[in-house]
Amino acid sequence: MIRGRAVAGAVFSAMTLLGCLASSAEAAQCGSSPAGFEAWKREFSAEAQGKGIGPTALSALMQANYASATIAADRGQRSFSLTLDQFLAKRGATTIVAKGRQLKQSQAALFASIQQRYGVPPGPLIAIWGMETGFGSQRGNQNMLSSIATLAYDCRRPEFFTDQLYAALKLIDRGTLSGSTRGSMHGEVGQTQFMPKNILAYGTGNLEVAANALNSTANFLKAHGWRAGAGYQPGEPNFAAIEAWNAAGVYQKAIALMGRQIDEGGGAAASR
């Protein structure tokens with residue numbers, strides 16, 4: 001009888017454990033409409049608390065709203081299917097190159113210090129800066145946390161954005177970001193549009209400040225294999241670092257092309 005009770009107790013314990021695991025696996029399930037977002041936030045907050053996320057970030061998360069505009073933007077990223085010439089025209093590459101050449105001269109000391117530290121020349125950094133925010137003029141006005149939480153809840157890419165959400169919550173706990181931080185549709189923030197995981201890994205200072213954002217972007221590129229003095233056009237060694245910055249092939253080629261035109265100067269802007 002004692003052995004039988006022990007066996008029964010072990011079976012019960014195992015079933016309880018399995019039940020807990022099942023509950024954990026069922027927690028914070030993704031959704032495709034606003035209807036389940038509030039319940040999801042409660043479930044996710046309980047998980048996040050168990051992983052060490054503090055009360056400041058959890059409170060901010062509970063105040064996040066379902067970002068319908070973010071979902072619409074996420075479903076409608078048509079520009080990445082354009083040809084390179086169409087993409088360059090749509091994104092205003094001629095203007096970016098012309099302005100970029102001016103900035104390369106007027107901010108020569110800044111770009112020289114960045115190149116000395118990270119090995120990244122001005123061209124690709126300026127091209128990214130211009131492409132992402134029009135040199136800081138269009139940084140987005142969406143609530144960063146609401147955007148990322150909505151995408152973590154949404155069933156399209158929950159794994160990727162769950163990682164971003166945890167990073168955002170850590171940054172809020174640290175005071176680097178807040179629940180009121182504004183950014184672009186997918187939660188990107190700063191002059192060159194960093195996602196939270198990249199802020200944690202490569203961010204240097206307040207990314208709303210251009211010098212910090214440009215240093216952070218160069219830090220990212222160096223960490224992804226950028227070699228000082230090597231080429232960065234398609235097929236050249238440093239193009240892989242540009243590929244790591246953005247997954248869209250047409251974007252990558254545009255940055256490489258505009259960067260070369262900015263670095264070389266002269267000639268027709270954004271022509272091939």
Side-chain angles (χ1 to χ4, degrees), residues 84 87-88 91 93-137 139 163-164 167 171 176 184 188-267 269-272:
L84 179 57
F87 185 79
L88 290 168
R91 293 299 186 97
T94 300
T95 300
I96 291 173
V97 171
K99 177 69 173 176
R101 289 172 178 167
Q102 296 172 3
L103 287 166
K104 179 186 171 185
Q105 293 182 346
S106 65
Q107 304 294 324
L110 169 63
F111 288 112
S113 70
I114 292 174
Q115 186 165 4
Q116 182 177 20
R117 182 171 185 179
Y118 299 104
V120 183
L125 293 177
I126 293 172
I128 288 171
W129 187 19
M131 179 75 79
E132 294 289 350
T133 66
F135 306 107
S137 65
R139 284 172 275 171
D163 286 346
Q164 298 294 340
L171 289 165
T176 304
S184 293
E188 312 95 326
V189 300
Q191 294 268 342
T192 56
Q193 300 288 273
F194 266 66
M195 293 296 289
K197 278 189 72 174
N198 286 336
I199 297 175
L200 281 176
Y202 312 108
T204 58
N206 181 356
L207 299 184
E208 302 297 336
V209 176
N212 293 337
L214 292 165
N215 272 278
S216 299
T217 305
N219 189 28
F220 175 98
L221 294 173
K222 182 179 180 180
H224 287 82
W226 193 282
R227 289 162 36 197
Y232 56 83
Q233 297 306 300
E236 296 180 329
N238 287 332
F239 189 69
I242 296 175
E243 290 178 311
W245 177 262
N246 188 295
V250 69
Y251 178 105
Q252 299 157 2
K253 293 173 184 175
I255 293 299
L257 176 63
M258 291 189 297
R260 183 180 68 197
Q261 292 172 341
I262 292 167
D263 277 334
E264 292 177 348
S271 63
R272 290 188 293 154

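Just so it is clear, the model here is predicted, and its values are computed rather than measured.
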Does N246 offer a backbone N or O that forms a donor-acceptor pair with the side chain of Q252 under 3.5 Å? yes
Could you go step by step and tell me if F194 and L200 meet the side-chain contact (heavy atoms from CB on, under 4.5 Å) rule? CA-CA 10 Å; F194 266 66; L200 281 176; over 6 Å; no
Would you say the side-chain atoms of N212 pair up with the backbone N or O of L207, donor to acceptor, closer than 3.5 Å? no
Which atoms form the tightest heavy-atom contact between P237 and R227, and what is the distance? CB-NH1, 3.6 Å
Between Y118 and W226, is the ring centre distance below 6.0 Å? no
Which atom names give the shortest non-hydrogen contact between A254 and L88, and what distance separates them? CB-CD2, 3.8 Å
Straight-line distance of R91 CZ to Y251 OH, nearest 0.5 Å: 7.5 Å
side-chain contact (heavy atoms from CB on, under 4.5 Å), that's the test. Do T133 and Q193 meet it? Break it down for me. CA-CA 7 Å; T133 66; Q193 300 288 273; 3.5 Å; yes
Once you round to the nearest 0.5 Å, how far does CD1 of I242 lie from CD1 of I128? 6.5 Å
If the plane angle is over 60° it's perpendicular, under 30° parallel, otherwise tilted; pick one for W129 and F135. perpendicular
So, for Y232 and R260, which heavy atoms are closest and what is the spacing to 0.1 Å? OH-N, 3.0 Å
Checking V209 against Q191 for the side-chain contact (heavy atoms from CB on, under 4.5 Å) test, could you report, in this order, the C-alpha distance in whole Å, the side-chain angles of both residues, the deciding distance, and whether it holds? CA-CA 7 Å; V209 176; Q191 294 268 342; over 6 Å; no
Can you confirm whether Q105 is buried at CD, in the sense that more than 12 heavy atoms of other residues, nucleotides or ligands lie under 6.0 Å from that atom? no
Where do Q261 and V97 come nearest, in terms of heavy atoms and distance? OE1-CG2, 3.5 Å
So how far is it from L103 CG to F111 CZ, rounded to the nearest 0.5 Å? 6.5 Å
For the atom pair NZ (K222) and CG (N238), what is the distance rounded to the nearest 0.5 Å? 12.0 Å
Rounded distance (nearest 0.5 Å) linking atom CG of L257 with atom NZ of K253: 11.5 Å
Counting N and O atoms only, with roles assigned by atom type, does the side chain of N219 sit under 3.5 Å from a partner on the main chain of N215, one being a donor and the other an acceptor? no
Minimum heavy-atom distance K104-D263, with the two atoms named: NZ-O, 2.7 Å
Here the pair of heavy atoms bringing F220 nearest to A244 is CZ-O, 3.5 Å
